[in-house]
Amino acid sequence: MSDGARLHRTVLGDAARQPPVVLLHGGPGLPDYLGDVAPMIADLAPVYRYDQRGTGRSPWRGRHSLARHVADLAELLDARDTPGEAPRAVLIGHSYGADLASRFCLAHPDRVSAVLLMCGPFVGDWRAGDRAERERRMSAAQQERLRVLEELPCRTEEQEVELLTLSWFTDHADPGAGWRRAAWSARHRRPVNWVMNGELGEENRRDPLDGHLAELRACLPARAEILGGVEDPRPMSALESLAFRLGLPLTRIEGAGHEPWLERPDVVRAHLRRFVRDAVGG
């Protein structure tokens, strides 16, 4: 990057084809976890993934900002060395990655061929509903244990794994399978960059995407859609409101939570392939 940071990226498929698809993972503060999504569409277009600075194989020490992360994506597109005009891309953002994709559209509308916002961004007063639904899916003992772990000034490795498992298992439609998936993720989607999470979260609260929706609607490419899991604890009504305000189609995936490709892979694959095929014109 222009400031000396080094970001790790991977590509699946024929890198010479245009436009590329860029998968933007969520968090913020997690390493890339979209390795199961890329093969669903890599025969249609090259699929790029990267660890955002400060996560996974992209080490970084310093202040995080939304503008810097938007600039990182622009520089990654530039690094493809495409002759002529600035390279364009199809963006698929998940969770916080959908927020990042939206902010990139605001900053660089001419560089986005199509965008799919998956399980985000969530705007408006959605947190109370999310919190209530998570509590409904947890026992009283689990709620208390999570509170204790969150208040610890420092945690051991096993305590960190336990905290993440308790935090993430309610993201899934099926509690049993969700616990197993969350326990696996708690050991492999590591380490969590809590500093990055806090800094970007604070900036997002100071300047929420809510205040830019009219501008975003004008900046979005012709092909733009929203997708969400019906069983996501984050209220579907928030995505419905976003879709209405942006004038976008919303696809609801039944029987799936916040990571719908894990619970309904065939349905999500079909949707992604249709979207990418339309976006790349083939």
Side-chain angles (χ1 to χ4, degrees), residues 25-37 52 54-56 94-99 118-202 204-205 227-240 252-265 267-268:
H25 66 82
L30 297 178
D32 169 61
Y33 52 76
L34 297 174
D36 290 336
V37 176
Q52 295 159 15
T55 71
H94 174 252
S95 195
Y96 159 72
D99 190 296
M118 187 158 55
C119 304
F122 287 88
V123 298
D125 184 20
W126 60 273
R127 290 179 176 82
D130 175 51
R131 183 166 53 251
E133 180 59 22
R134 290 183 186 279
E135 290 177 354
R136 188 189 70 80
R137 298 182 186 191
M138 300 174 74
S139 68
Q142 288 172 331
Q143 293 177 41
E144 175 61 17
R145 180 58 178 165
L146 179 59
R147 183 191 65 79
V148 169
L149 291 169
E150 289 175 333
E151 293 179 354
L152 291 176
C154 58
R155 290 183 289 272
T156 66
E157 169 67 12
E158 288 308 308
Q159 288 171 336
E160 182 80 351
V161 168
E162 185 182 5
L163 177 141
L164 294 174
T165 303
L166 286 166
S167 299
W168 291 343
F169 88 94
T170 51
D171 277 338
H172 304 278
D174 181 276
W179 184 270
R180 293 190 294 274
R181 291 189 178 106
W184 184 92
S185 296
R187 294 191 179 277
H188 293 86
R189 295 181 185 178
R190 300 287 304 285
V192 177
N193 189 331
W194 293 109
V195 173
M196 172 183 171
N197 182 277
E199 290 176 349
L200 293 182
E202 179 183 355
N204 192 53
R205 287 187 291 274
L227 178 149
V230 172
E231 299 300 324
D232 193 334
R234 301 157 188 79
M236 177 57 67
S237 59
L239 285 186
E240 292 170 344
R252 302 165 180 81
I253 306 297
E254 299 285 347
H258 193 58
E259 299 180 8
W261 65 89
L262 295 179
E263 297 181 286
R264 299 297 304 278
V267 176
V268 173

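This one's a predicted model, so the numbers in the text were calculated from it and none came from an experiment.
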With sequence neighbours excluded, residues passing ring pair (Phe, Tyr, Trp, His ring centres under 6.0 Å) with His94 = Tyr33, His258, Trp261
ask   = Salt bridge or not for Arg181 and Asp171, using N-O below 4.0 Å?
value = no
request  = Just jot down the ring pair (Phe, Tyr, Trp, His ring centres under 6.0 Å) partners of Trp168, sequence neighbours excluded, or say none.
outcome  = none
note = Residues passing the side-chain contact (heavy atoms from CB on, under 4.5 Å) test with Leu152, sequence neighbours excluded, are Leu149, Arg155, Gln159
ask   = Do NZ/NE/NH1/NH2 and the carboxylate oxygens of Glu150 and Arg145 come within less than 4.0 Å?
value = no
inquiry  = Looking at every heavy atom in both Gly228 and Cys119, which two are closest together, and how far apart are they?
reply    = CA-SG, 4.2 Å
Minimum-distance pair of heavy atoms, taken over all atoms of Pro191 and Pro31 = O-CD, 4.0 Å
query = Partners of Arg147 by salt bridge (charged side-chain N to carboxylate O under 4.0 Å, His left out), sequence neighbours excluded?
reply = Glu144, Glu151
query = What are the two closest heavy atoms between Gly255 and Ala173, and how far apart are they?
reply = O-CB, 3.8 Å
query = Are Arg137 and Pro233 close enough that some pair of their side-chain heavy atoms sits under 4.5 Å apart?
reply = yes
inquiry  = The criterion is side chain to side chain donor-acceptor pair (under 3.5 Å); which residues satisfy it with Arg180, sequence neighbours excluded?
reply    = none
query = What pairs with Glu259 under salt bridge (charged side-chain N to carboxylate O under 4.0 Å, His left out), at least two apart in sequence or on another chain?
reply = Arg189
request  = Search all heavy atoms of Pro265 against all heavy atoms of Leu262 and return the closest pair with its distance.
outcome  = CD-O, 4.0 Å
task = Verify, without hydrogens or angle tests, whether Arg190 (side chain) and Ala186 (backbone) share a donor-acceptor contact under 3.5 angstrom.
result = yes
query = Are Thr55 and Asp32 close enough, and set up right, to give a side-chain contact (heavy atoms from CB on, under 4.5 Å), and what steps lead you there?
reply = CA-CA 8 Å; Thr55 71; Asp32 169 61; over 6 Å; no
remark   = With sequence neighbours left out, the residues meeting side chain to side chain donor-acceptor pair (under 3.5 Å) with Asn197 are none
ask   = For Asp130, what residues pass the side chain to side chain donor-acceptor pair (under 3.5 Å) criterion, not counting sequence neighbours?
value = Arg134
Stepwise side chain to side chain donor-acceptor pair (under 3.5 Å) test for Glu160 and Trp194 = CA-CA 12 Å; Glu160 182 80 351; Trp194 293 109; 2.8 Å; yes
ask   = Could Glu133 and Arg234 be called an ion pair, given the rule that one side-chain N must be under 4.0 Å from one carboxylate O?
value = no
ask   = If you round to the nearest 0.5 Å, how far is CG of Leu146 from OG of Ser167?
value = 4.5 Å
message = Test your reading of the model: is there a side-chain donor-acceptor pair from Gln52 to the backbone of Pro28, 3.5 Å cut-off?
response = no
request  = Anything under 30° is parallel, anything over 60° is perpendicular, the rest tilted; go ahead and classify His188 against Trp184.
outcome  = parallel
request  = List for me each residue that meets salt bridge (charged side-chain N to carboxylate O under 4.0 Å, His left out) alongside Glu240, sequence neighbours excluded, and say none if there are none.
outcome  = Arg252
key: Thr170 side, atom OG1; Glu231 side, atom CD - distance, nearest 0.5 Å   = 12.5 Å
task = Let me see the working for Asp99 and Phe122 under side-chain contact (heavy atoms from CB on, under 4.5 Å), right down to the final yes or no.
result = CA-CA 8 Å; Asp99 190 296; Phe122 287 88; over 6 Å; no
message = If the condition is ring pair (Phe, Tyr, Trp, His ring centres under 6.0 Å), which residues does Phe169 pass it with, not counting sequence neighbours?
response = Trp179
message = Please give me the minimum heavy-atom distance between Leu227 and Pro260, naming the atom from each residue.
response = CD2-CG, 3.9 Å
task = Apply side-chain contact (heavy atoms from CB on, under 4.5 Å) to Glu254 and list each qualifying residue two or more places apart in sequence or on a separate chain.
result = Val230, Arg264
inquiry  = List the residues meeting side-chain contact (heavy atoms from CB on, under 4.5 Å) with Ala98, not counting sequence neighbours, and say none if there are none.
reply    = Leu117, Pro121
inquiry  = Please report the interatomic distance CD1(Ile253) to CG(Asp232), rounded to the nearest 0.5 Å.
reply    = 12.0 Å
Side-chain ion pair, Arg131 and Glu135, N-O less than 4.0 Å = no
